[in-house]
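Comments concern the structure below.
Hydrogens, waters and symmetry mates play no part in the numbers below; they use all other heavy atoms, side chains included. Letters go in sequence order (proteins before strands), and every chain restarts at 1.
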There are 2 protein chains.
Amino acid sequence: MLDFAQLRCFAVVAEELHFGRAAARLNMTQPPLSRQIQVLERVLDCQLLDRTSRSVRLTAAGRSFLPEAQRILRLAETAAYVTRQVAAGRAGVLKLGFTAASAYDFLPRLVIACRTAMPDVTLSLREMVTKDQVEGILSGQIDAGLIRPPVLHPELEAERALAEPLVAALPAEHPLAVRDAVALADLHAEPFIGYAPHEASYFHNLLVSLFAGAGIQPRILQQLTQIHSILALVRAGLGLALVPAAAERLRFEGIVFRPLHLAQPQPAEIHLAWRKESDVPLLAPLRTLLRDMQTPPP
Amino acid sequence: MLDFAQLRCFAVVAEELHFGRAAARLNMTQPPLSRQIQVLERVLDCQLLDRTSRSVRLTAAGRSFLPEAQRILRLAETAAYVTRQVAAGRAGVLKLGFTAASAYDFLPRLVIACRTAMPDVTLSLREMVTKDQVEGILSGQIDAGLIRPPVLHPELEAERALAEPLVAALPAEHPLAVRDAVALADLHAEPFIGYAPHEASYFHNLLVSLFAGAGIQPRILQQLTQIHSILALVRAGLGLALVPAAAERLRFEGIVFRPLHLAQPQPAEIHLAWRKESDVPLLAPLRTLLRDMQTPPP
DNA sequence: GACCTCGATGAGTCGAGCTCATCAAGGTCC
DNA sequence: GGACCTTGATGAGCTCGACTCATCGAGGTC
């Protein structure tokens with residue numbers, strides 16, 4: 001079998017065309033260098049170098065083999081380097097799940113931040129609902145997921161990646177649209193587009209507890225799953241809705257967004273979840289990145 | 001430094017995910033296999049395999065390194081194979097010079113024969129006059145050349161690659177064009193387009209000796225170097241010419257070619273020439289091919 | 001709890017590759 | 001033409017790395 005040491009010896013001798021100088025460059029003495037070349041020639045079953053005591057020249061086989069040897073050596077070096085980078089979490093691919101809503105604003109910012117902070121890291125992104133992400137993390141289909149809390153599965157760990165305000169989405173012609181901001185009390189008995197209790201349980205439960213806490217009860221006309229569907233009904237004038245601030249980025253014409261004053265100003269959270277015993281090296285730097293994104297430098 | 005044995009060990013373990021089976025496939029026992037993997041991990045400064053006494057799994061670094069290791073192993077094998085082929089004269093590139101006239105018919109046949117008999121051999125062809133070819137062979141610019149004899153240089157060797165008849169090239173309206181064939185005697189005092197004594201000395205000298213031997217003397221109007229230039233003058237009706245039979249392949253309209261009866265039926269020769277101490281492995285198979293082309297199987 | 005599987009590890013041995021010394025070929029120089 | 005120099009090949013001796021064999025220990029199964 002071939003041997004990297006032999007390839008390196010051959011490449012250097014082929015460059016220097018002089019065993020003594022080549023041996024010096026290789027930090028060895030001349031006799032073992034001669035023997036390495038001999039072994040390589042025996043392995044390849046052909047002469048690579050024509051040598052007399054006066055000159056060293058490449059044979060046709062040697063000329064053909066030299067670039068291959070150099071290529072293999074380069075590849076080996078690169079592979080070793082890249083592998084070290086991957087192990088250190090400075091390079092590689094991280095398969096990341098995300099929910100539809102996080103794509104509105106958070107995900108693009110994350111991708112840009114990742115590209116800046118870790119240019120050799122690729123995020124392989126897949127949109128999945130929270131439940132599928134949990135299964136995907138457990139099965140290894142994705143390395144981590146951006147999901148709605150709480151993360152209860154005992155094999156998973158999670159931490160907050162984002163907290164954002166809720167805003168009121170109003171038809172442009174709605175009476176409340178003239179206000180600068182909206183309070184929960186304004187929504188009492190208003191026609192309201194809400195979230196489906198099962199498919200969008202996070203926002204459903206969030207709103208239920210907000211309304212209960214404020215002692216109000218909007219008139220819930222429809223309960224939908226996807227934020228853009230809710231906004232479509234709002235635009236049609238059926239009612240108003242509460243959505244995460246990122247939804248403003250959808251730029252729905254005919255809808256105005258107004259800040260919603262709440263005791264907890266940023267109640268809508270996205271968490272990063274991963275397998276507790278995950279050995280994916282990129283997890284740590286990703287978590288650092290997410291933490292940095294929440295506390296941007298002044 | 002990396003080691004091919006380690007790469008092979010890692011690749012097989014990564015496939016089997018079992019040290020015992022991998023060791024069997026590698027024709028070794030399990031302890032040294034474990035140690036090879038440990039050494040590789042130390043060289044790469046990271047874990048490639050997560051192993052307990054119950055299971056073996058790839059880490060992220062291992063998943064990243066595996067395809068690289070496989071690629072390097074494949075490359076090494078291919079490089080060794082190709083180099084052996086080159087050394088044996090079954091593959092590689094042969095830089096071959098040729099004269100303009102040999103391109104008419106002989107060279108295409110040679111290229112096709114070469115592609116059939118030695119599919120892994122590439123002919124790198126360059127058109128050069130005989131004198132430049134001799135210099136090119138001596139300087140190593142070309143490995144061999146198809147030139148006009150005689151080859152006199154003491155460092156060169158040569159052998160006949162082709163012998164072909166001469167034919168008479170006549171303007172279509174020429175009186176001799178009605179004949180089936182032409183004899184040298186017919187050319188006496190005829191207007192004739194000949195070859196330049198220096199730039200086309202081979203054909204010049206050949207015709208001089210033919211005419212002298214036949215005791216005739218055509219009226220030489222012009223002496224040119226290139227056969228296609230000579231034929232252009234023939235077509236213009238200035239005179240007739242004697243050209244190698246391959247020139248018929250030029251398909252000059254307005255010219256008819258007629259066999260020329262001679263004592264030596266194939267006086268126009270092309271020889272293959274090469275450096276005496278050339279170590280180009282492809283020379284031998286090329287010479288065999290050229291010999292086979294001259295004595296085609298029945 | 002006894003047993004089994006499987007990777008890690010320790011002890012002993014053998015061989016590959018290193019160093020040093022030397023040879024042989026083929027130039028150079030006086 | 002002979003002494004000398006350069007340079008790659010080769011031989012002897014030694015060292016260190018890698019293999020074999022035996023065994024351990026973790027973690028399952030029955």
task = Scan residues 23-36 of chain B against DNA chain C and write down, sorted by residue number, each residue with any heavy atom closer than 4.0 Å; if none is found, say none.
result =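 DNA chain C contact set from residues 23-36 of chain B: B:Gln30, B:Pro31, B:Ser34, B:Arg35.
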message = Side chains of B:Leu272 and B:Leu96, heavy atoms from C-beta outward: is any pair under 4.5 Å?
response =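 When only atoms from C-beta onward are counted, B:Leu96 and B:Leu272 do touch, with a gap below 4.5 Å.
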Any side-chain heavy-atom pair of B:Arg21 and B:Glu16 under 4.5 Å =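 When only atoms from C-beta onward are counted, B:Glu16 and B:Arg21 do touch, with a gap below 4.5 Å.
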ask   = Say you draw a straight line from CD of B:Glu127 to OG1 of B:Thr99; how long is it, rounded to the nearest 0.5 Å?
value =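 Atom-to-atom, B:Glu127:CD and B:Thr99:OG1 are 7.5 Å apart.
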ask   = Which is the 5'-most and which the 3'-most nucleotide of DNA chain D that has an atom under 4.0 Å from a heavy atom of chain B?
value =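 Going 5' to 3' along DNA chain D, contacts run D:dC19 to D:dG28.
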inquiry  = Is it true that A:Gln294 and A:Arg160 share a donor-acceptor pair across their side chains at a distance under 3.5 Å?
reply    =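 There is such a pair (donor and acceptor under 3.5 Å, judged by atom type) between the side chains of A:Arg160 and A:Gln294.
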Sidechain-backbone polar pair: A:Asp143 side chain, A:Lys95 backbone, donor-acceptor under 3.5 Å =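 Looks like yes, one N/O pair under 3.5 Å.
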task = Keeping the roles fixed (side chain from A:Arg148, backbone from A:Glu269), state whether a donor-acceptor pair exists under 3.5 Å.
result =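 Checking the backbone N and O of A:Glu269 against the side chain of A:Arg148, a donor-acceptor pair under 3.5 Å is found.
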query = Which letter, B, S or -, goes with each nucleotide of nucleotides 1-6 of chain C from 5' to 3', with contact meaning a protein heavy atom under 4.0 Å?
reply = ----BB
message = Apply side chain to side chain donor-acceptor pair (under 3.5 Å) to residues A:Glu135 and A:Ser139 and explain how you reach the verdict.
response = CA-CA 6 Å; A:Glu135 282 172 23; A:Ser139 74; over 6 Å; no
Output the rounded distance in Å from [atom1] ([X]) to [atom2] ([N]).
X	N	atom1	atom2	answer
B:Gln38	C:dG10	CD	P	10 Å
B:Asp50	C:dA8	CG	P	11 Å
B:Asp3	C:dA16	CG	P	15 Å

Restricting to non-hydrogen atoms, name the atom on [X] and the atom on [Y] that form the minimum distance, rounded to 0.1 Å.
X	Y	value
A:Ala11	A:Leu73	CB-CD1, 4.2 Å
A:Leu162	A:Arg109	CD1-NH2, 3.8 Å
A:Ile37	A:Phe10	CD1-CA, 3.6 Å

